[in-house]
2 protein chains.
Amino acid sequence: MKEGPDIAQIGSLIGDPARANILTALMGGRALTATELAAAAGVTLQTASAHLAKLEAGSLLAQRKQGRHRYFTLADDRVGKLLEGIMGFAASRGHLRHRPGPKEPALRKARICYDHLAGDYGVRMLDSLVEAGAISVMGEGLNLTARGEKHLGSIGIDVSGLRSSRRPLCRSCLDWSERRAHLAGSLGKALLSNFFDKGWARRTENSRSIFFTPEGERRFLALFPLEIGDGKPKPELDEKH
Amino acid sequence: MKEGPDIAQIGSLIGDPARANILTALMGGRALTATELAAAAGVTLQTASAHLAKLEAGSLLAQRKQGRHRYFTLADDRVGKLLEGIMGFAASRGHLRHRPGPKEPALRKARICYDHLAGDYGVRMLDSLVEAGAISVMGEGLNLTARGEKHLGSIGIDVSGLRSSRRPLCRSCLDWSERRAHLAGSLGKALLSNFFDKGWARRTENSRSIFFTPEGERRFLALFPLEIGDGKPKPELDEKH
DNA sequence: TTCATACTTCGATCGTAACCGAAGCATCTC
DNA sequence: GAGATGCTTCGGTTACGATCGAAGTATGAA
């Protein structure tokens, strides 16, 4: 026995509620201080400090000192991907948090998933891009078509610049609320940044939910139309796999 | 706070060493009894029984009574995929088990990854199929070409039958030992079964490693040749993503 | 220098869960 | 039926780790 990688170690890192809260908070994509994370986790600063040290030792987190602050982020996007995967799995088993809370609807509508758009709007965006022939679905993989590259260029996305990154351009990410795929990867990130830059949407303070302005919402829906009202189109990478 | 799915619950399920051992043992794909799993985990039967109950309550495991035995398996292939993902992540962080042990080389050469071939041989097989134009790589997705379907048909794989399954035909799975992709999905499963059926290889008793007969090894290597000795070809879905 | 803020380290407490021995239940064999 | 095997339940012990108060360190501001 004792074969293979030590999954127990990283399991136990994620398995503590306080640490899980910290990681979930950092899935929001911004760097947060120890104090902020302590509040997010619902523990005192000392306790959070101990948790943060463990998470860093386990290389799930990276920290950056800035003056007397210590900003923590997820170590890299692989951590984000791992957490996405676990969240998707947990949601598929119905392991949701017990109290849905008032923020739940906003989260389901639009939220940040590490660095890209998720929730109802994220799913809609991918569906629309697929319908428009901008992205082709191939098994589990997504690919930007020439047509899509041109289309996104007209919105202001520099695709060739993104290609030079080591991250893949398109990735599908399973949405825990919608249980369907949305667009991740550097393109997913670029699109969300684009919305922020244009002032269509902004982050909310203490939540992963994303707030769209009325104008931004109108524009977003116009830019990513759907053929049928909400007829659950193609890429269902979730149920079957 | 308290947003989203409860990742702490499944983290803590995986986070206990005994349970992690049980899950790892079940990644071997066969159904195992409580007694066997207790031995694999290195705990007594009573303790294992408690762990198994928890894992089943968390819907990671399924059990099937057969006479006075209770056979446990992973609940479905989503669990396998989840564990694969965590293993790949853990390996990428260097969180390997401390004592490499004597079985390690065999594991690295060829092992079963839930239901398909992994390790050096698994990576070679995919590389070879890609080189031969049987499988095309597209971002993170893999796709079987018409040529590949024909080729595999000649080996005795009924591709059209596999297509009817709800599982995707091709999936790439990150190898924790090689840190490169190998072939998963229903096709990966079918290929491994094919090797077993032909008597090229067989499972080993208490390990996930796969033993190739000399004849089987020869045939396997001939069937999946590589251009350059081991020049680390295309699909590196691991580092960048 | 002095004070405040941000965070870490130390030390002690406490709760939970992993663990095993023993007993109990179920199923098969003879 | 009697006995063996496979597994679960119960009860008690133990150990680990999460927690926080208090004290210590580092950085910035006044």
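Note that the coordinates shown come from a computational prediction; the quantities given were computed from them, not determined experimentally. Residue numbers start from 1 in every chain, and the chains themselves are labelled A, B, ... in the order their sequence lines are given, proteins ahead of strands.
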Task: Neighbour count >12 (heavy atoms, 6.0 Å) for atom CZ, A:Arg203 - done: yes
Can you tell me the distance, in whole Å, between the [atom1] atom of [X] and the [atom2] atom of [N]?
X: B:Ile14; N: C:dA17; atom1: CD1; atom2: C1'; result: 18 Å
X: B:Leu32; N: D:dC7; atom1: CG; atom2: C1'; result: 15 Å
X: B:Tyr71; N: C:dT27; atom1: OH; atom2: C1'; result: 14 Å
X: A:Glu36; N: C:dA6; atom1: CD; atom2: P; result: 10 Å
X: B:Leu37; N: D:dC7; atom1: CG; atom2: C1'; result: 12 Å
X: B:Arg64; N: D:dG6; atom1: CZ; atom2: P; result: 17 Å
X: A:Leu52; N: C:dT9; atom1: CG; atom2: P; result: 12 Å

Task: Contact state string [nucleotides 18-30 of chain D, B base, S sugar-phosphate only, - no protein heavy atom under 4.0 Å] - done: SSBBB----BS--
Task: Face-on cation placement of A:Arg108 at A:Trp176 ring, 6.0 Å and 45° thresholds - done: no
Open item on the list: Has B:Arg19 got a side-chain atom pairing as donor or acceptor with B:His51's backbone, closer than 3.5 angstrom?
Closed with: no
TODO: Assign the ring pair A:Phe220 / A:Tyr121 to parallel, tilted or perpendicular, where the plane angle (0 to 90°) is split at 30° and 60°.
DONE: parallel
Open item on the list: Tell me whether the rings of A:Phe212 and A:Phe195 are parallel (<30°), tilted (30 to 60°) or perpendicular (>60°).
Closed with: tilted
Task: A:His182: which of A:His116, A:Arg171, A:Arg124 passes side-chain hydrogen bond (donor to acceptor under 3.5 Å, both in side chains) - done: A:His116
